[in-house]
Amino acid sequence: MTTIYDLDAVEELRVRNAVQPHRLKLFRNALFKNSNDWKSALGTLPEAARSDFEDGLKFQCLELAERHDSEIDGASKLIFKTHDHHLIESVVLRPKTGRTSICISSQIGCACYCSFCATGMMGFTRNLTIAEILDQITQTNRMLKPEGRSIRNVVFMGMGEPLLNMENVFQALDYLMDPQLYDLTGSRITVSTVGIPQAMDRFTEMYPDVHLALSLHSARQEVRQRLMPQARVYPLEQIRDTLLKASAHGKVMIEYLMLAGVNDREEDFQALEKYLKGIPVHINLIPFNEYAGSNLRGTPLSERKAFGEKLKVAGFNTTLRYSMGSDIAAACGQLVQHKKKESLI
Ligand code: SAH
C-alpha cells in the first residue's frame with residue numbers, strides 16, 4: 001500500500017481532492033516537522049478530503065515491538081517489526097550536553113560479516129525501503145514529542161551497510177534534508193560504511209555536506225581483511241583515494257574499534273599514522289561491545305587512552321567514544337541478535 005513517504009501519490013490525492021497546496025503543506029508539517037499523530041495530521045486537511053487520504057495512505061509501515069530505556073544514561077533501544085515480521089533496531093541517544101540523536105538501520109541483517117559485529121551473525125535478509133528507513137525517525141520523533149525533544153542528528157550506524165542499499169539510503173537523505181520534510185542540514189547526518197570506494201565517491205559527489213564515517217579498524221591490509229571480509233574486495237589503497245576526495249568536501253570520520261592484541265599495538269599505530277597522514281580526518285576510537293559468541297576482547301580503557309594520546313601528538317583530531325546504552329545492548333554491533341523473527345509472529 002502507498003505510504004505517506006510516497007510524495008507523488010500524496011500529490012495525486014491532493015489533486016483528486018482539490019486540496020490547496022498550503023493545506024497539504026500543513027499536513028506535511030504536522031507529520032514530519034511537528035510529529036503529530038496521524039489522526040491530528042489528517043485534521044489539517046479539508047474535511048471532505050480526509051477519508052480519501054486515510055483510505056489511500058499507510059501512515060506507518062513499522063510497528064514498535066519493544067522499547068528499552070537505559071537506566072544508566074539517556075539511551076533507548078527501539079525494536080521495530082516490519083510488515084514481513086522481521087526485526088530492526090534504532091537507538092536514541094540523549095546526551096546531557098548536546099542534541100538528541102538517532103542511530104538507524106538501513107538493512108535487515110547485513111551481508112558484510114565483519115567478525116566483531118553481532119549483526120553479521122544474523123546474515124542478510126533484505127534492504128529496508130525508503131519508507132522503513134524514514135519511519136524509524138518519524139515514529140521516534142512522535143515518541144520524543146512529550147519529552148520536548150526531536151531528532152537533531154541522524155547516523156546510519158545501526159543494522160546493515162548503507163552503501164549496499166544506496167538507492168534507498170540516498171533517497172532517504174533527500175527527504176531528511178528537504179526543507180519541506182525533516183529539514184535537517186547535511187552536517188547533522190552521518191553515513192557509516194565498511195568502505196566501498198565507488199559508492200563512497202558517488203556519495204561524496206551527491207552529498208558533499210553529509211558526513212562520511214569509514215569503519216577502518218585497521219590500517220594493515222592483512223589484519224583488516226581478517227576482521228572485515230569486504231576488505232579483500234576493496235583494498236586499503238583504493239579506499240585512501242576516496243578518503244582524500246571526501247575529506248576535501250567536509251568532515252570525514254574514521255571509526256577505529258579497539259581490539260586487544262589485534263589492532264592496538266605499536267605497529268598498528270604506526271600503520272594508522274602512515275595511512276592517514278595528509279588526510280584531514282577525525283578519528284574516533286571505539287570500545288568493543290562484547291557479546292556472547294565472540295572471542296574478541298576490547299582494549300582496556302587505559303590503553304585506548306594512550307593510543308589516542310599518541311594519535312593526538314601525531315597531529316590527528318582524536319576522540320575516545322564512550323559507549324551509551326550498554327545495559328540495554330543498544331550499542332553498535334549488538335543489535336537484535338538474540339531475537340528470532342518467529343518469536344514475534
Ligand atoms: N555497516 C556500516 C554501519 C553499521 S556498523 C559500517 O560498518 O560502518 C556501525 C559501527 O559499529 C561500525 O563502525 C562498526 O564497525 C561498529 N561495530 C560493529 N560491531 C561492533 C561492536 N561489537 N562493538 C563496537 N562497535 C561495533
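We count residues from 1, following the sequence as given. Values reported hereafter were calculated over all heavy atoms of this structure, with side chains retained and with hydrogens, waters and symmetry mates removed. All ligand and atom numbering here is 1-based and tracks the order in the structure.
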Please table the atom pairs, donor to acceptor, closer than 3.5 Å between any side-chain atom in residues 39-49 and protein atoms at least two apart or in another chain.
unit_1 : atom_1 : unit_2 : atom_2 : d
Ser40  : OG     : Asp37  : O      : 3.2
Thr44  : OG1    : Phe27  : N      : 3.4
Thr44  : OG1    : Ala41  : O      : 2.6

I'd like a table of donor-acceptor pairs (distance under 3.5 Å, sequence neighbours excluded) in which one partner is a side-chain atom from residues 226-241, with atom names and distances.
unit_1 : atom_1 : unit_2 : atom_2 : d
Arg240 : NE     : Tyr275 : O      : 2.6
Arg240 : NH2    : Tyr275 : O      : 3.4
Arg240 : NH2    : Lys277 : O      : 2.6

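Listed by number with element, the atoms of ligand 1 under 4.0 angstrom from any heavy atom of Phe288 are 21 (C), 22 (N), 23 (N). Atoms of ligand 1 found under 4.0 Å from any heavy atom of Gly158, numbered from 1 in the order shown, are 4 (C). Each of the following atoms of ligand 1 lies closer than 4.0 Å to a heavy atom of His217: 13 (O), 14 (C), 15 (O). Within ligand 1, counting atoms from 1 as listed, the ones closer than 4.0 Å to a heavy atom of Glu255 are 10 (C), 12 (C), 13 (O).
A side-chain donor from one of Glu161 and Thr193 sits under 3.5 Å from a side-chain acceptor of the other.
For Lys145, the NZ atom counts as densely surrounded, since its 6.0 Å shell holds more than 12 non-hydrogen atoms of other residues, nucleotides or ligands.
Under 4.0 Å from ligand 1, not a single heavy atom of Ala213 appears. The proximity of Asn289 to ligand 1, defined as any non-hydrogen pair under 4.0 Å, involves the side chain as well as the backbone. In Glu161, the parts holding a heavy atom less than 4.0 Å from any atom of ligand 1 are both the side chain and the backbone. If you look at Thr193 next to ligand 1, the close heavy atoms, those under 4.0 Å, all belong to the backbone.
In this pair, Tyr207 and Phe170 present their aromatic rings perpendicular. The plane angle is above 60°, beyond the 30 to 60° band. Note: Tyr175 and Tyr5 have tilted aromatic rings, judged against thresholds of 30 and 60 degrees for the angle between ring planes.
Taking a 4.0 Å cut-off on heavy atoms, Gly160 registers as neighbouring ligand 1.
Between Ile286 and ligand 1, no N or O atom pair is found at a separation short of 3.5 Å. Residue Ser215 has at least one nitrogen or oxygen atom sitting less than 3.5 Å from a nitrogen or oxygen atom of ligand 1, judged on distance alone.
For Phe124 and Tyr113, the gap between ring centers reaches or exceeds 6.0 Å.
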